[in-house]
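Because only heavy atoms are used, hydrogens play no part in the values below, and waters and symmetry mates are left out as well, while side chains stay in.
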Amino acid sequence: AVFEYETVPRLSVAFYARQPSSVGAVGATKLMFNIGEGIKAPTVSDDRSSLFSILSGLPNGQNLLNQFDVDRIGPERIRTLDAGIEQTFWGGRMRTGVSYFHNSNKDLIEFVSSNVLPQLGVPQDVASSIGFGATVNSSSFDAQGWEFFTDLSVGNEFLLSGWYTFLDAKVKESFSGGA
């Protein structure tokens, strides 16, 4: 209720470039594509320990909120894209595939210590009065990569699977100590 409404569009398309068949060595070829956005709402704890909530509780809090344009903490956001191909063999007993993905995460919630708050424009005396720190929407990262898999049915009771993921992730923004 605090954040009202949010639209998170998503589009998924999959189709068979080669129709499934139980005969022959080469079976179905399926192409897939997905693109979309998503959000994760802040927890009550995140909201209560946010810079907005802490400044709101100070005697001159409303002036500080207006002066530094501090908004209520918002949802974390992600934009995703993935595309892949899947191929079956030997009447569907073997399935293999590859897909590419790219995820862009922004407005991630992180705890910022009071000694880092001045980098956000919070006056030193105000940052010192906050205590340990506050949560803010300040982190973002991108992740992209490839996934490969193969499944092989051995008889009616066993399935052998192998998966490999190559992931390349980069932190774009963060006030955390390790970033």
Measure from the side-chain N and O atoms of [X] to the backbone N and O of [Y], and report whether any donor-acceptor pair falls under 3.5 Å.
X	Y	result
Ser139	Leu108	no
Arg18	Gly27	yes
Glu76	Ile109	yes
Ser56	Phe52	yes
Thr88	Ala28	yes
Glu110	Val136	no

Could you state whether [X] and [Y] fall into the same hydrophobic cluster, counting links through intermediate Ile, Leu, Val, Met, Phe, Trp or Tyr residues with side-chain heavy atoms under 4.5 angstrom apart?
X	Y	result
Trp90	Val26	yes
Leu81	Phe141	no
Phe33	Leu31	yes
Ile85	Phe15	yes
Ile73	Ile39	no

Least distance between heavy atoms, [X] atom then [Y] atom:
X	Y	answer
Lys172	Ser104	NZ-OG, 4.3 Å
Ala134	Ile54	CB-CD1, 3.7 Å
Ala143	Leu167	CB-CD1, 3.8 Å

[X] versus [Y]: any side-chain heavy-atom pair under 4.5 Å?
X	Y	value
Arg10	Asn34	no
Thr165	Phe101	yes
Ile130	Leu51	yes
Asp151	Leu159	yes
Pro75	Asp107	no

Look up atom [atom1] in [X] and atom [atom2] in [Y], then write down how far apart they are to the nearest 0.5 Å.
X	Y	atom1	atom2	result
Asn137	Lys106	CG	NZ	11.0 Å
Phe158	Ser153	CZ	OG	12.0 Å
His102	Ile35	NE2	CD1	11.0 Å
Asp69	Leu64	CG	CG	12.5 Å
Leu11	Glu37	CG	CD	12.0 Å
Glu173	Ser138	CD	OG	8.0 Å

Exercise. So does Arg95 pair up with Glu86, basic N to acidic O under 4.0 Å?
Worked result: yes
Exercise. Is the number of heavy atoms from other residues, nucleotides or ligands under 6.0 Å of Arg79 CZ greater than 12?
Worked result: no
Exercise. In terms of side-chain heavy atoms, does Asn103 have a donor or acceptor partner in Thr80 at a distance below 3.5 Å?
Worked result: no
For this session: Answer with yes or no whether the side chains of Gln87 and Thr96 bring together a donor and an acceptor at under 3.5 Å.
Result: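 There is no such pair (donor and acceptor under 3.5 Å, judged by atom type) between the side chains of Thr96 and Gln87.
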Problem set entry | Residues in side-chain contact (heavy atoms from CB on, under 4.5 Å) contact with Asp168, at least two apart in sequence or another chain |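 Here the qualifying residues are Gln144, Phe166, Lys170.
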For this session: Using ring pair (Phe, Tyr, Trp, His ring centres under 6.0 Å) as the criterion, list what pairs up with Tyr16, not counting sequence neighbours.
Result: none
